[in-house]
> 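Just dropping this structure here.
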Amino acid sequence: MIVQVVVDVPTGGTDRLFDYKVPDHLQEIIESGMRVIVPFGPRKVQGFVISSTIETDIDKLKDIDEVLDVTPVLTPELLELGDWLTTSALCFKITAYQAMLPAALKAKYKKEVKLTHKECLSQLPFELRKWFEHRDVVLWEEFLGTDDKPLIALIKKAVTDGFLEVIYKVNDKVTKKMIKVVKPISYENLSMQLEELDKRAQKQKQVIEYFLKHPNQISVNALIELANTTRSTLKSLIDKGILSEEDVEVARDPYANRIFKKTVPLQLTTNQEAVIQPIYQSINEGRHQTFLIHGVTGSGKTEVYLQSIAKVLEEGKEAIVLVPEISLTPQMVQRFKERFGSLVAVLHSALSTGEKYDEWRKIHHGRVKVVVGARSAIFAPFKNIGIIIIDEEHEATYKQEENPRYHARDVAIKRANFYKCPLILGSATPSLETYARSKKGVYRLLEMLERVNDVKLPTVEVVDMREELKSGNRSMFSNALFEKLTQRLNRGEQSVLFLNRRGYSTFVMCRDCGYVAQCPHCDISLTYHQTSRSLKCHYCGHQEKMPQKCSSCDSEHIRFFGSGTQKVEEEIAKVLPGARVIRMDVDTTRKKGSHERLLTQFGEGKADILLGTQMIAKGLDFPNITLVGVLAADSMLHLPDFRASERTFQLLTQVSGRAGRHQLPGEVVIQTYTPEHYSIDFVRDHDFISFFEKEMGIRKLQSYPPYYFITVIQVSHPEITKVIEITDKITAFVRRSLSEKSIVLGPVACSIPRIKDRYRYQCMIKYKNEPTLVNILKEVIENYKREINQGNLQVSIDMNPFVLM
DNA sequence: AGCACGCCGACT
DNA sequence: GTCGGCGTGCTC
C-alpha cells in the first residue's frame, strides 16, 4: 500500500503530496486523516495522510516511519475542507490542516548528535571529546550556543567518519497533563524490604509503612503530604529499586470548580416561535440553509439558539456555536452549560494549549455534542453536524488575521452545506455583506425586532460636544451625561461608560513648538500611561519615561491631549467622589481570569460604574444597568478604513444594548463632535435598515464590498526604498495580469506606514469576477519567495481583509 | 525548513 | 591549488 502525505514543511516547493510505502505492520492501522512521521530528505517530519493508492510513478519510495494516531484526527470532510481553504485563503495545505487542530498536536522537532559507539570517544578530535565524555547524546542547539564555528565542521567530519550520528526526532508538543506517581515495584516484597533497610533510614521506613497500609499508586505530591516525606527520600527508594516512578495522564477541566444549575427550555414568545419554526423545518428536512436572525439586543436570540440545538441533539446530531471571544462572554458559556451540562465543550483563546487539547479530545472522542467556542471552533471534528450558529455574526474576530486568513462564516457555510444542515447567523447589526445577501434571498432573513417581555429599547440622546464647549463645559462629561450619572448613583443603579481608547491620553504635545511624542519604531504617537508614568506605543510595546522637557525645544509646557480610560477614571474620582468604578481594558484584564472576575464584581453590585473599551460592548447582561454613556462616539469614525462607519454604527448599537435589558428602563447618552453623521444619527432610532441603505449607497459609489470583492497585498521591509520598489513591481504585475474591469490601486503607504521599524506599503485589488486571481497571487509569492526566506521582506496577501490598517 | 551541490573570490 | 561564501534546487 502507498499513502499520499502532506508534509510539515510550509514552503511553495513542498506544498503537494508525497508518496510513501506503508510497511506491513502499519497496513492495518493506517488511515487517511492520521498524522504520521515520515523521512523527508535527511530528516524526519510530521505529515498528514491524505489518501492511499496502489501505484505510483516514483521509483525510490521511502517507508512511513510511524503512525501517531489511533483514530484519524481529520475526517474526510475536514481533509476536503482543508483543500478548499488552500485556494480560498491562499495558504499551504499543511497550514490549513494545522489550523484545524489544537496546537498541541503540532510537531516539535529535535536534532541530536549521538556517539555511535562508546569506543568512538577516543577517535573524536580533542575539541569534541569533552562534549561526549559523560554522555552519548548532545542536543544540536548546545553546539550552536558556542560561537565556535569549526565545531559544526568537526561534527560533520566525525559523522562521515562514522564516529557520530545525527538523529532527528519528532515529538508531540506537551499534550497531556502528566503527574508523577509512585508505587512499590512489588507489594509482596515490601515487608521484607522494610526489614532490610538500614536502621538510619527512618524516613524511607515511613514511606514503606505507608504503602503497606495503602497498597496503591499515589502521586508524588500527595505522598509527600500524606507520608510526611520529601523528594530525596523517594529518590533513594526509587534508586534502590523498591519504588517505581511513572508519569500518568490526568484530565484537565477548566470549568471543574464551577457548578451549573440545570435550566429548562423557556416558553418561547410568539416572535421567537415564528423564528424557530423555519429552522426546525430545515433540520427536519435535512436541508442546508443559511438564516440571518436580525434581532435587536435583548430580543432573546440565545433562547432560540438553545432550543434549535436541543432539537438537533434529539436527532442524534451535533452543534457548533461560535461566539466572538468567549472569555468576553462568560455569561454566554454559562447559559449553554446550564442547559446542556456535560455535553458541552468550550474552546476559547484564554485556555492553555493543554486545556484546548483536552476540550478538543472530548469532541474527537464523541463525548460532547455541543461545542461553544471562538473562531477556530468552526473546525470542531464532529462527524454529524446538525446545526452551526454564529452569534454576533458581524464581529471582526471571525476573520483570522494570519495565515490561513479565513473567515469563520465562509467555513461554516461550507461545512453546513456538506452536512445538509442549517447555519444561523445572528446579530443586532449584521454586516453589510450578510444583510445584502439576505435581502437578495441567498440567506433567509428572520427578524426579531422587539425585546422579550415588552422591554423597551433604551432611549438614545445624542449630545453635540461642540455645543457643550461653546457653553463653557470643557470637561469630558456633557451636562446631560453628568446629570444622569448622578441620578443613577442616587438611585443605586449601575452605569456603563464606554471609551474606545486605553491609556491616559492619546498623544502628548509640546505647547510651545507643537512637537508630539512619537514611537521611535513606528509611525504612531505615544500614549501616556498614568500607572507607570510612562509613554507607551500600542503597536510595538515600546515604552519610555515621560519626559520632563520637550525633547525638541526644551520647553516644560508639555500637555496631554485626548483622553483614555485611565484619564476618565481619574476624572470620575474628581467630579463624582464616592462613585465606585471598575475599569476594564487590556491593561486591567491582562491576567488570566481577571476579565471574568471584574465582571462578576460588577454583577454583584460592587461598583456603580463600569468603564471600559471595546471589550465591554458585547454580551454583558446585568439587570441593574440603566445608563450607558459613550464618551467619544467619533473616535473610530475617522479611521482610514472603508468599514469605519459600519463599525461605529455596530459598536454604538451594541453598547447601547447593554442598558435597560430587564425591568428598569434604559437610557443612552452618546457624546460626539459630529452628531449629523449618519452612523451616529441612525443609532438614535435604532434604525439599522436606514443605516444599511445609506451605507450601501456609499459602498456602491466607491466600489467596495458587498459590491466588489477586495484583496490587499501588503509589503513590508526595513528599507523604505526596497518596499516601494517591490510594491510597485507587484502592483504593475497584478495590473497587467487582471482584466480591465478590475480596479488595482497602489502602491500606497499603509495607514500606519511604519511598525516595528518596518516600512509598509500596499496594493489593493477591487474585482467582481477574477477566476485566475489565486494563481496570479501565487505567482507573486513564488517570485519573491527568495527574498522572503532571507528574512527581510514580508509579503502578506489577504483575499478578503476585514480591517484595513 | 534543512541540506547538498556547485560555482566564484582570497588565502595557506 | 583549496576553503568557504551563499545562490539554486530537491525532498516521495
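Just so we're clear, the structure is a prediction, and the values are computed from it rather than from any experiment.
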> Under 4.0 Å, heavy atom to any atom of DNA chain C: which of residues 89-102 of chain A qualify?
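None - not one residue of the stretch has a heavy atom sitting under 4.0 Å from the strand.
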> Tell me which residues in residues 44-63 of chain A put a heavy atom below 4.0 Å from DNA chain C, sorted by number, or none.
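Those residues are A:Ile58, A:Lys60, A:Leu61, A:Lys62.
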> Checking A:Pro125 now: which residues fulfil side chain to side chain contact (heavy atoms under 4.5 Å, CB included) with it, not counting sequence neighbours?
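Only A:Glu127, A:Leu128, A:Leu154 meet the side chain to side chain contact (heavy atoms under 4.5 Å, CB included) criterion with A:Pro125.
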> Considering only nitrogen or oxygen atoms on both sides, find all protein atoms under 3.5 Å from nucleotides 1-3 of chain B and state each distance.
| from | atom 1 | to | atom 2 | distance (Å) |
| --- | --- | --- | --- | --- |
| B:dA1 | N3 | A:Arg43 | NH2 | 2.6 |
| B:dG2 | OP1 | A:Arg43 | NH1 | 2.9 |
| B:dC3 | OP1 | A:Lys111 | NZ | 2.7 |
| B:dC3 | OP1 | A:Tyr168 | OH | 2.5 |
| B:dC3 | OP2 | A:Lys111 | NZ | 3.3 |

> One thing to verify: whether A:Lys414 and A:Asp410 come together as a salt bridge, which I'm taking to mean a side-chain N less than 4.0 angstrom from a carboxylate O.
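Salt bridge between A:Asp410 and A:Lys414, a charged N being under 4.0 Å from a carboxylate O: no.
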> Cut-off 3.5 Å, no hydrogens considered: what does the side-chain donor-acceptor table look like for residues 720-730 of chain A, sequence neighbours left out?
| from | atom 1 | to | atom 2 | distance (Å) |
| --- | --- | --- | --- | --- |
| A:Glu725 | OE2 | A:Lys729 | NZ | 3.4 |
| A:Thr727 | OG1 | A:Val723 | O | 2.5 |

> Side chain to side chain donor-acceptor pair (under 3.5 Å) with A:Gln543: which residues, sequence neighbours excluded?
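Applying side chain to side chain donor-acceptor pair (under 3.5 Å) to A:Gln543 gives A:Ser534.
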> Residues in side chain to side chain donor-acceptor pair (under 3.5 Å) with A:Glu782, at least two apart?
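Here the qualifying residues are A:Lys785.
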> Which side-chain hydrogen bond (donor to acceptor under 3.5 Å, both in side chains) pairs, counting each pair once, include a residue from residues 795-805 of chain A, with sequence neighbours left out?
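Those involving residues 795-805 of chain A are A:Lys399-A:Asp798, A:Arg405-A:Asp798.
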> Would you mind reading off the distance between A:Asp19 atom CG and C:dC10 atom P, rounded to a whole angstrom?
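Taking atom P of C:dC10 as the reference, CG of A:Asp19 is at 17 Å.
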> Could you tell me which residues satisfy salt bridge (charged side-chain N to carboxylate O under 4.0 Å, His left out) with A:Arg415, sequence neighbours excluded, listed by chain and number?
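A:Arg415 satisfies salt bridge (charged side-chain N to carboxylate O under 4.0 Å, His left out) with A:Glu77 only.
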> Test: ring pair (Phe, Tyr, Trp, His ring centres under 6.0 Å). Region: residues 3-39 of chain A. Which pairs qualify, not counting sequence neighbours?
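Residue pairs with at least one partner in residues 3-39 of chain A: A:Phe18-A:Phe40.
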> Restricting to side chain to side chain donor-acceptor pair (under 3.5 Å), what partner residues turn up for A:Lys118, sequence neighbours left out?
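Side chain to side chain donor-acceptor pair (under 3.5 Å) list for A:Lys118, sorted by chain: A:Asp136.
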> Who passes side chain to side chain contact (heavy atoms under 4.5 Å, CB included) against A:Arg375, sequence neighbours left out?
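In terms of side chain to side chain contact (heavy atoms under 4.5 Å, CB included), with neighbours along the sequence ignored, A:Arg375 is linked to A:Gln400, A:Tyr406, A:Ala408.
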